[in-house]
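Working notes for the structure below.
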Protein chains: 2
Amino acid sequence: MATQDSTTLILDAAEALFARQGFAATTIKAIGREAGLNSALLYYYFPDKERLYHAVLERRLGTANRELSQRLTAGLPPLEALEQLLQGYARLMHDAPNLPRLLAREFADHQAAHALPLIRELAAGLFQRICDVIRAGQAAGHIRKDLDPRFTAISLVSQMAWFFVAQPAVSRMLGYEGIVPPATVKAYIEHAARFSMAALTGLPAPPAKSTRKRVRT
Amino acid sequence: MATQDSTTLILDAAEALFARQGFAATTIKAIGREAGLNSALLYYYFPDKERLYHAVLERRLGTANRELSQRLTAGLPPLEALEQLLQGYARLMHDAPNLPRLLAREFADHQAAHALPLIRELAAGLFQRICDVIRAGQAAGHIRKDLDPRFTAISLVSQMAWFFVAQPAVSRMLGYEGIVPPATVKAYIEHAARFSMAALTGLPAPPAKSTRKRVRT
DNA sequence: GTCTATAGCGGGATAGAC
DNA sequence: GTCTATCCCGCTATAGAC
């Protein structure tokens, strides 16, 4: 609790509130209160609310992106690289619980003036690299070739992303009152890894059964 | 465009705006404009903004829940039931493009006064039923027994949920400018089904390789 | 760098005419 | 049922003292 520089204090407070309530519902005064500073001071450090928000996203996404991309460029064999990715994603979300919420809001905001471009750029870069790893795995014969690399990347990321974004609901479904306990998070991540590895390496689903029949009742 | 009753007009407009911008950023006046009605009229049909929002969610979630649960109680064999679920989820999101965004916001809003309880209840009921189907599949020997049913349910739903919630980003990643074209959506859904079926039925990932090594660089 | 005070605007909600 | 006019509050942002 030793005195921190005000910029950090403000960014921290803003991040917490933006994540919890979103941009519009968060007031400058509330941020000031949360940071223990006078709200007028925010305008000394940041030109306006919009750009404060942007600064929050940049700080959080910048570190996130750096961490994640490290895990993919480590030069591991494809399957291990993907498992590391899941682990890395989980650790990221766990270390920065605000991140999933911030992301969810940005995604939901259609073409918000906000920082979507930034996110898109980061995500796209990451996405490219995941696809490349998958393709490498297919070329090396470790991953089923009938999987579309881009779709597969989405399948992998989804399992992590949704789990953390939907925390409040997920928590309830798993039978907890408040937060999902760390041990359960860990167990889920291991599940997701096993689930995904089976899908990546497993045999195609038995084409028996008449699976394609009616879709409408 | 034939004249509709004002309630529907208002609900439609409100749903669109709430989904696009969220609760706080959406003004009563904007809803009136979007609906082509005087904004004061909203207070004739709804007591306040909060309860208008609630009405929007109830309308959308009510039908959604009904449709989805039908697909699970159809008494199909487990694996087919799960595939139907994925299909149903996709159709739902496709038919009501506002739904994923509304959901994402509700999940992100920590303990918003809004309608989380409603969502939690619906989701929990559905979740229970998915788990039951998975357990049935395991008992019948169609699904690997080393998978935790609850985690597996999350893995399945995630792949659909995130794809639709993150549409704007997903679209960019797949190389499209605006919306993901229907054909691609269909292809992804088929992918997700295949991916998931392989994971559900496939062999455990080859325990060869030394997969558990370093987690930190 | 941090605070007080306040301008100025826009939003939610109401009163009441038609 | 639908519209006009308006109240009142709270928010962003600024001016300026310390």
Side-chain angles (χ1 to χ4, degrees), chain A residues 1-59 102 105-106 108-110 112-115, chain B residues 1-59 101-102 105-106 108-110 112-116:
Chain A
M1 292 308 170
T3 309
Q4 298 201 0
D5 78 300
S6 300
T7 312
T8 314
L9 244 32
I10 293 171
L11 282 173
D12 288 346
E15 179 180 312
L17 291 180
F18 284 144
R20 247 185 268 152
Q21 318 170 337
F23 179 81
T26 300
T27 70
I28 293 286
K29 287 176 190 173
I31 296 174
R33 210 179 312 128
E34 176 94 5
L37 297 169
N38 189 293
S39 61
L41 190 58
L42 303 210
Y43 289 95
Y44 177 78
Y45 291 101
F46 301 93
D48 56 23
K49 190 183 169 189
E50 193 85 35
R51 269 176 286 185
L52 167 57
Y53 180 67
H54 199 271
V56 165
L57 283 182
E58 264 194 336
R59 186 180 65 151
L102 290 170
R105 284 181 202 287
E106 281 304 310
D109 277 358
H110 201 46
H114 303 323
Chain B
M1 291 303 172
T3 310
Q4 299 200 359
D5 78 300
S6 300
T7 312
T8 314
L9 243 33
I10 293 170
L11 282 173
D12 288 346
E15 180 180 311
L17 291 179
F18 284 144
R20 247 185 269 149
Q21 316 171 338
F23 180 80
T26 300
T27 70
I28 293 287
K29 287 173 191 174
I31 296 175
R33 209 179 311 129
E34 175 94 4
L37 297 169
N38 189 293
S39 61
L41 189 59
L42 303 211
Y43 290 95
Y44 178 77
Y45 291 101
F46 300 93
D48 57 23
K49 191 184 169 189
E50 193 86 35
R51 269 176 285 185
L52 167 57
Y53 180 67
H54 198 269
V56 165
L57 283 182
E58 265 195 337
R59 186 180 66 151
R101 275 188 261 272
L102 290 171
R105 284 181 201 286
E106 281 304 311
D109 277 358
H110 200 49
H114 303 324
L116 248 192

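Each chain gets a letter, A, B and so on, in the order its sequence line appears, and its residues count up from 1. Quantities reported herein were computed from a predicted structural model and do not represent experimental measurements.
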Query raised in the report: Over how many whole Å does the gap from Asp48(A) atom CG to dC11(D) atom P extend?
Result: 17 Å
Query raised in the report: Taking for each residue the nucleotide of DNA chain C bearing the nearest heavy atom, is the 5' side occupied by Tyr45(A) or by Lys29(A)?
Result: Tyr45(A)
Report summary line: Rounded to whole Å, CG of Leu41(A) lies from P of dT12(D) at a distance of 16 Å
Query - Rounded distance (Å) that lies between atom C1' of dC7(D) and atom OH of Tyr43(B) - result: 13 Å
Query raised in the report: Under a 4.5 Å cut-off applied to non-hydrogen side-chain atoms, are Arg20(B) and Thr26(B) in contact?
Result: no
Query raised in the report: If each of Ala40(A) and Thr27(A) is mapped to the nucleotide of DNA chain D with the nearest heavy atom, which maps nearer the 5' terminus, i.e. the 5' end?
Result: Thr27(A)
Query raised in the report: So what does Thr26(A) hit on the nucleic acid, given a heavy-atom distance under 4.0 Å: a base, only sugar-phosphate, or nothing?
Result: sugar-phosphate
Report summary line: Contacted region of DNA chain C by chain B, from 5' end to 3' end of the hits, cut-off under 4.0 Å to heavy atoms, spans dG11(C) to dT14(C)
Requested in this report: Locate the shortest heavy-atom distance separating Lys49(B) from Phe18(B); write the atom from each residue and the value.
Outcome: CE-CE2, 4.3 Å
Requested in this report: Would you mind reading off the distance between Tyr44(B) atom OH and dT4(D) atom P, rounded to a whole angstrom?
Outcome: 18 Å
Query raised in the report: Can Phe46(A) and Leu11(A) be said to form a side-chain contact (heavy atoms from CB on, under 4.5 Å), step by step?
Result: CA-CA 10 Å; Phe46(A) 301 93; Leu11(A) 282 173; 3.9 Å; yes
Query raised in the report: In whole angstroms, how far is the C1' atom of dC9(D) from the NZ atom of Lys49(B)?
Result: 14 Å
Requested in this report: Measure the shortest side-chain to side-chain distance between Ile31(B) and Leu52(B) over non-hydrogen atoms and say whether it is less than 4.5 angstrom.
Outcome: yes
Query raised in the report: For Ser6(A), which contact category applies under a 4.0 Å heavy-atom criterion: base, sugar-phosphate, or nothing?
Result: sugar-phosphate
Report summary line: Leu9(A) and Gln4(A) have their tightest heavy-atom pair at CD1-CB, 3.8 Å
Requested in this report: Give the rounded distance in Å between these two atoms: CD1 of Ile28(A) and P of dA13(D).
Outcome: 6 Å
Requested in this report: Could you tell me the separation between the CG atom of Asn38(B) and the NZ atom of Lys29(B), rounded to the nearest 0.5 Å?
Outcome: 10.0 Å
